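Beneath this line is the structure, given in structure tokens, with notes to follow.
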Protein chains: 2
Amino acid sequence: MSTEPIPISRLDGTHKRTQRLLIEVADVLGHKWHPVILAQLLNGEPHTFSELGSAIDDVSNKMLSDSLSTLQDAGLVDREVVSEKPVRVRYTLTERGHDLEAVLDPMLRWGREHLAGEAIARSDARTSLRRSGAIGGEVADE
Amino acid sequence: MSTEPIPISRLDGTHKRTQRLLIEVADVLGHKWHPVILAQLLNGEPHTFSELGSAIDDVSNKMLSDSLSTLQDAGLVDREVVSEKPVRVRYTLTERGHDLEAVLDPMLRWGREHLAGEAIARSDARTSLRRSGAIGGEVADE
DNA sequence: CTGCATCCAGAACGATACTG
DNA sequence: CAGTATCGTTCTGGATGCAG
């Protein structure tokens, strides 16, 4: 039923309601570590505080803790204490959080095509031919 | 080659490169007015400074001007002086900017489903049945 | 009509250190 | 191990007024 690979359409920013929604969503995803944390949690696996911390590794305790609190408040992640002795907390995505994959994926995709490294140079590279799986490239970094 | 409407997948936040891209994209879309302006430009054609200003109407001159400059710097919008007497400037999307539709649309979609006014209530709306025009609902706001 | 200059309050980010 | 407390710096959003 899907018309095209990229139907997109009624983005209609003319409505105030639409504008507000965009602002609200941007407010959630506009924080430096939120998208990264969410992406991390989307991968599945067990995700404890320290696991997240080392996986992201450029984030400080405060930032991680702060971000997780905010995300939890927003109802995007769920917090669950797993162990008592060495305190362990497991973070998982709520449904709303999981649904954000539909936004994070395009974000990443766009980033890969348009600013992967800062070598822009006004190239009008209309390379729209990269639609298929070629994207999973994941160059082994660092 | 999954040709599904929503393939989504390698969000793999485990890679630093991926994390950085997400951060960079979030940095662009994370500004209050950027998404709104972009959405506005995605709509129709003629978009001058004042047109944008009245279409968005909760934005001040400074914010609009500031945002437009940033977006222009980022290579997302193009600035073109149209008239000299009553100075008129026309803003249009560059290709990169236009491609952001692929991100803005999901953002709006997610917003509508998960925080449109706060009336969520856990609808497991995995109901991809809303794929068609149903979305254009655009409740007459204001 | 555009949009820059100033001034400001508040939020985001980050490093470090400390508690449960 | 998880998370909080502080402190300080930078950025952002916004009002207002002036200039090209």
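Below, read A as the first sequence line, B as the second, and so on, with proteins coming before strands; counting in each chain starts at 1. Because the structure is a prediction, the values reported are computed rather than measured.
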Contacted region of DNA chain D by chain A, from 5' end to 3' end of the hits, cut-off under 4.0 Å to heavy atoms, spans D:dC1 to D:dT6

Any ring-ring contact (aromatic ring centres under 6.0 Å, His included) pairs touching residues 28-48 of chain A, not counting sequence neighbours? A:His31-A:His34

Send over the distance from B:Glu84 CD to C:dG3 P, rounded to a whole Å. 12 Å

Any chance you could measure A:His114, atom NE2, to B:Glu95, atom CD, to the nearest 0.5 Å? 7.5 Å

For atom CZ of B:Arg90 and atom P of C:dC1, their distance in whole Å: 18 Å

For the atom pair OG1 (A:Thr70) and CG (A:Leu76), what is the distance rounded to the nearest 0.5 Å? 10.0 Å

Do B:Val77 and B:Val87 belong together in a cluster built from hydrophobic side chains that touch within less than 4.5 Å? yes

Would you indicate what B:Thr48 reaches in the nucleic acid, counting non-hydrogen atoms under 4.0 angstrom: base, sugar-phosphate, or nothing? sugar-phosphate

Near-strand residues of residues 62-80 of chain A, defined as heavy-atom separation under 4.0 angstrom from DNA chain C: A:Lys62, A:Met63

Please check if the side chain of B:Thr94 supplies one atom and the backbone of B:Gly75 the other of a donor-acceptor pair under 3.5 Å. yes

Less than 4.5 Å apart, side chain to side chain, heavy atoms only: is that true for B:Leu29 and A:Leu29? no

Separation of C:dA11 P from B:Lys32 NZ (nearest whole Å): 12 Å

How far does CD of B:Gln40 sit from OG1 of A:Thr18, to the nearest 0.5 angstrom? 10.0 Å

Once you apply a heavy-atom cut-off of 4.0 Å, does B:Lys85 come out as touching a base, just sugar-phosphate, or nothing? nothing

Sub-3.5 Å donor-acceptor pair from the side chain of B:Ser50 to the main-chain atoms of B:Gly53, do we have one? no

When rounded to the nearest 0.5 angstrom, what is the spacing between CD1 in B:Ile23 and NZ in B:Lys16? 11.5 Å

For the pair made of CG in B:Leu52 and P in C:dG3, what is the distance, rounded to whole Å? 10 Å

Take A:Asp27 and A:Asp58, find for each the nucleotide of DNA chain C with the closest heavy atom, and name the residue whose nucleotide sits nearer the 5' end. A:Asp27

Kindly say if B:Tyr91 contacts the phosphate of C:dC1, meaning a side-chain N or O under 4.0 Å from OP1 or OP2. no

